[in-house]
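Data block below; observations after.
Fair warning: this is a prediction, and the values are worked out from it, not measured in the lab.
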Amino acid sequence: MPKRKRETTPLAATASPPPGPGPGPGAGASGEATLRRPLAATASPPPVPGASGDPAPLDGQLIQPAMDNITPILKDAQDPDNNIRLAAEGKLKQLQERNRSNFLLSLSAELSSEASPPECRCLAGIILKNSVEGKYSEDNSLLIKQWNNLDPCIKSQIKESLLITLGSSAPQARHASSQIIGRLAYIETPSERWQDLIGRLLRNMAQQGASPTLKQATLEALEYLFEEENLRFDKDTINGVLDAVIRAMNHQAEKSSEVRLAAVKALRNVLTFANFANDDDCRNHIMTAICDAAKHDEAAEIKHAAFVCLTAIASNYIMELEPYMETTLSRTTEALGLEGGVETVALECIEFWSTICGEVIELRERKKRFADAIPSADCHFTEKPLCSLVPLLLQTLSLHQERDVDELNIFMSAVACLGLVARTIGDAVVPLAMQFVEGNIKVADWRSRKTAISVLGVMLEGPSIEKLAPVVGLLMDRMEDPHMEVRGTAACTLGRVFELRHSPALDKRFFTNEDFPRIMAALSKSGKDVPEVSKEVCGAIYFLARGYDVAISSEVDHSKKRISSELSPFLGGVIDALLSASELDMKTPFGLPASASAYGALIEVVRVSNIWDLNAVLAIIVLMPRIMRRLNTTLDAKAISSDDKTNKHDLQALLCDVLHAIIEKLGNSLHGDKVRESAPFMLLQFCRVLTCDCSTARDKAALTIGALARAVGPKFLDFMPIFLQYYSVKLFSPIYLEAIGTIFHALGDEILPCCDHMMDVLYKGLSQPELKPQILACFGEIALAIGKIFEEKYLKAVRKELKEAANPRYYDEDKVDYGNQLRQGICKAYSGILRGIKDRKSGLKVAADLVEFIEAVSEDKSRGVGVTYSAVDVLDQFGFTAESWKEGLISELWR
């Protein structure tokens, strides 16, 4: 079970061990302010305790402080005056360093002293707690060691003092003592050095006339004690604790609500140790107590804690809950109530049912994946109560329609739970939900209409397409709603329909051929709506387009292979809507609320369009110059503020992405000439983006230049003068260097007039250590692209650079990551060179260099996994190359 989150009291908030025990500036007398690092965390070894021979006090006897005047020092340590506080902190540190044992003993005495001021007791508890519990594991190890090194008599007195403090009249002192007892139990229990602890706590609970405050603090100590799941207790101990806790939860036997609340919280942690799964009597005992605590007449805090327990049980023992489903459903009805219930209780109640659904869904998915590996688990017993839960959740949605923050929390939790219920019970949810939807989707209150659409959105997973058939028509009607938020929610829900249930590969589609024109018309129109709506429409178009990208198997009807053509007649209208949603404002060209989603949808629409369809081709050809004009506008526009500069660069990156998609789509079609005609102007634009301050925009531009080179082919040489103006080491990046390799591949031998200059710049770039791995890899791509030219003109120089890069000085212990990157770059270089050069004599020289390099790599045991994979790959490539050499030699024998 997950651990219970501790309260954010001053004590619990200082879980890390820090330098001084005092609070920060501005601390008041209450000690509630944030505290400085406590002295207890210092790493100095504990001095030999001076009171190691003191006898342990008798049970219930108050100890005497081992140091004088600690109370005024603690008080000064919380003074608002910085000088007084720092002086007090210095004194506390001196006391600790002089005698740690007596210092901790004095703190425990201060904590237990009813005569001390509350703020001093609080600070003493904080310092003492942080003396045994650190924020980080390394702190904990040191603090545990320091505690274990204390004199046993001192430790005994401290523990006795803590137990006495549980009966204190000061709430903060009791709370501190409970937490410290829980922490010390974690340290002492494994070595059995505090064997009577639980017995002492149970005697507090059974004691005749015990005060409610003593019981409450004792239960809190048990809560923290059982928070540590790695502790081990025998069956009788656990049963004794369970009996005491459950007895304290009883409304009739225990009149104090604070005690009952503490008992329920303690039970949450004790559950981890109970034999809940196998002991029927134990389980019934626990469930009866929890369900009684969740009754409507209990305090809200107690009901909330009871549902926390139920949630923990549901996450671990779902199959054991069958006999109790009717009772928990009854408690749910009470918790949500006619007025929607108290927020904390309602939220935890909904969380319980969400956990039930989550566990059932996970079990079913595991059965699908591992049908033979796990026993059959029948969770059908959850279906009936979940069907009864649906009206309660819908009622909760009606009562909490996002009017304030608290109601929004309940509303969103109920919506999420309803979605999980739909996934769990499938078709059974539809009639229950549709009754609510039809009753609210046309009412005058816009919030009710919006809620009805939200319900449609969350029940899309689970039910069959046939059952959900009316959803599209209802959403189309609401796309025309007079209220902006309703239209936006309808568009968002339509996007969810496309995301979850739209694929041409499906035998049964969510919308019919008759629905499609209406859907496209609504999307095209709403894309020009206000930004809050158009942004959701862009998301819907994105998911609609992405649905056409699903691979269609050979078993699917052949007619479905061309189904993306159904988008083509509407492509012009969709593109217009997306451009409208991202329209540039000439006054503030970078204030674009919907641009990211609009351009993302535009990229997806272009990518999945059927390039053999004339309508699609014409729409994309018209789109290209429009995007080019926008990019040119952003390049010329001045960005004054930092926000404008960021938005400008983001917009440039998006526009480069759109043009990248257009270039790849048209470049591979019969209409590639349209790309070639615009290539010079586009290349100049991309090169200008290369000079901006944003690495993301520069990388997008470089990738698009590579795509443009592929689309234009060898004729890209005509435009190389433009590119070479922006070809310099200061613009190099891994993506830029990747684009250089792409250009070499696109031009092949045609690039010869530019080769010397480009290689010289690459050689200069090798002086930049961060670029060296990528430049070496780029050499491999160049060798592969131009083959014989590389062999004749550059192989000798590149071999020298590769040998230099293999120098051991690059592979010191403090350069492990860089060394791994460099070696991977070398492997890629050798791989490309071996594939590119054709002459056996030159190839054997490279192979000799490679063998020497691989030998050095194999001897380095600190190499990264990526280096090993790269070495294996290049050796495989060498094998293929050697095989081709062998075949050439054999063929010569037959001449």
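- Ser464 and Asp427 share a donor-acceptor pair across their side chains, judged by distance under 3.5 Å alone.
- Under 4.0 Å is where a charged nitrogen must lie from a carboxylate oxygen, and between Arg688 and Asp636 at least one such pair does.
- No donor-acceptor distance shorter than 3.5 angstrom exists from the side chain of Gln685 to the backbone of Leu631, with no hydrogens or angles considered.
- In terms of heavy atoms, Gly741 sits closest to Glu781 at CA-CB, 4.2 Å.
- Every pair passing salt bridge (charged side-chain N to carboxylate O under 4.0 Å, His left out) that includes a residue from residues 451-476 is listed here, sequence neighbours excluded: Glu461-Arg496, Glu466-Lys508.
- Between Leu460 and Phe510, the closest side-chain pair of non-hydrogen atoms falls below 4.5 Å.
- For Thr742 (side chain) and Glu738 (main-chain N/O), a donor-acceptor pair under 3.5 Å exists by modelled atom type.
- Proximity of a side-chain donor or acceptor of Arg698 to a complementary backbone N or O of Leu731 within less than 3.5 Å is not detected.
- Ionic pairing of Arg546 and Glu604 is not present here: no N-O contact between side-chain nitrogen and carboxylate oxygen is shorter than 4.0 angstrom.
- Taken to the nearest 0.5 Å, the CG atom of Leu336 stands 7.0 Å off from the CG atom of Leu393.
- Taking 4.0 Å as the cut-off between side-chain N and carboxylate O, Arg518 and Asp477 count as a salt-bridged pair.
- Between Glu480 and Lys525 a salt bridge is recorded (basic side-chain N to carboxylate O distance below 4.0 Å).
- The minimum heavy-atom distance linking Cys538 with Ala581 is given by the pair SG-CB, 3.7 Å.
- Without hydrogens or angle criteria, Arg364 side chain to Thr424 main chain gives a donor-acceptor distance under 3.5 Å.
- Rounding to the nearest 0.5 Å places OG of Ser597 at 6.0 Å from NZ of Lys535.
- Taking CG of Leu399 as the start and CD1 of Ile410 as the end, the distance is 9.5 Å to the nearest 0.5 Å.
- In the model, Glu348 has a side-chain atom that pairs as donor or acceptor with a side-chain atom of Thr311 under 3.5 Å.
- Ion pair Arg423/Glu365 flagged as a salt bridge, since at least one NZ, NE, NH1 or NH2 atom sits closer than 4.0 Å to an Asp/Glu carboxylate oxygen.
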Working for ring pair (Phe, Tyr, Trp, His ring centres under 6.0 Å), residues Tyr542 and Phe498 = CA-CA 9 Å; Tyr542 171 83; Phe498 296 145; over 10 Å; no
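- Two residues are said to be in side-chain contact when any heavy atoms from C-beta on lie closer than 4.5 Å; Phe570 and Ser524 fail this criterion.
- By the 6.0 Å contact criterion, NZ on Lys674 is open, its count of non-hydrogen atoms from other residues, nucleotides or ligands being 12 or less.
- Contact record, Ser526 with Val533: O-CG1, 4.3 Å, taken as the closest heavy-atom pair.
- Shortest non-hydrogen contact noted between Lys648 and Ala639 is CD-CB, 4.1 Å.
- A distance of 10.0 Å separates SG of Cys492 from NZ of Lys450, quoted to the nearest 0.5 Å.
- Side chain of Ser580 to backbone of Asp576: no donor-acceptor contact under 3.5 angstrom is found.
- Scanning both residues, Lys700 and Ala653, for their nearest heavy atoms gives CG-CB, 3.9 Å.
- The residues Asp693 and Lys645 are annotated as not salt-bridged, no charged nitrogen and carboxylate oxygen being separated by less than 4.0 angstrom.
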List the steps, then state whether side-chain contact (heavy atoms from CB on, under 4.5 Å) holds for Met628 with Ser678.
-> CA-CA 9 Å; Met628 290 167 59; Ser678 303; 4.0 Å; yes
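- Once rounded to the nearest 0.5 Å, the distance linking OH of Tyr548 with NE2 of His502 reads 4.5 Å.
- Considering only heavy atoms from C-beta on, Leu418 stays 4.5 Å or farther from Leu389 through its side chain.
- Residues Val421 and Trp353 fail the side-chain proximity criterion, which asks for heavy atoms closer than 4.5 Å.
- Closest heavy-atom contact between Leu523 and Val537: O-CG1, 3.4 Å.
- Contact check for Glu677 versus Asp673: side-chain heavy atoms found under the 4.5 Å cut-off.
- The side-chain heavy atoms of Leu386 and Val390, taken from C-beta on, include no pair separated by under 4.5 Å.
- The closest donor-acceptor contact from the side chain of Ser568 to the backbone of Asn615 lies at 3.5 Å or more, if one exists at all.
- Between the side chain of His400 and the backbone N or O of Phe411 there is no donor-acceptor pair closer than 3.5 Å.
- Between Leu394 atom CG and Asn440 atom CG the span is 9.0 Å, to the nearest 0.5 Å.
- Checking each of Arg487, Arg449, Lys442 against Asp481 for a side-chain hydrogen bond (donor to acceptor under 3.5 Å, both in side chains) leaves exactly one that passes, namely Arg449.
- Counting heavy atoms from C-beta outward, Leu544 and Leu567 have side chains that approach closer than 4.5 Å.
- Looking only at side-chain heavy atoms (C-beta outward), His649 and Thr696 stay at 4.5 Å or farther from each other.
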Test log, rule side-chain contact (heavy atoms from CB on, under 4.5 Å), inputs Glu351 and Ser413 | CA-CA 8 Å; Glu351 178 64 21; Ser413 295; over 6 Å; no
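- Without hydrogens or angle criteria, Ser669 side chain to Leu666 main chain gives a donor-acceptor distance under 3.5 Å.
- The backbone N or O of Tyr736 sits less than 3.5 Å from a side-chain atom of Ser733, completing a donor-acceptor pair.
- The backbone N or O of Leu602 lies less than 3.5 Å from no partner atom in the side chain of Arg607, so there is not a single donor-acceptor pair.
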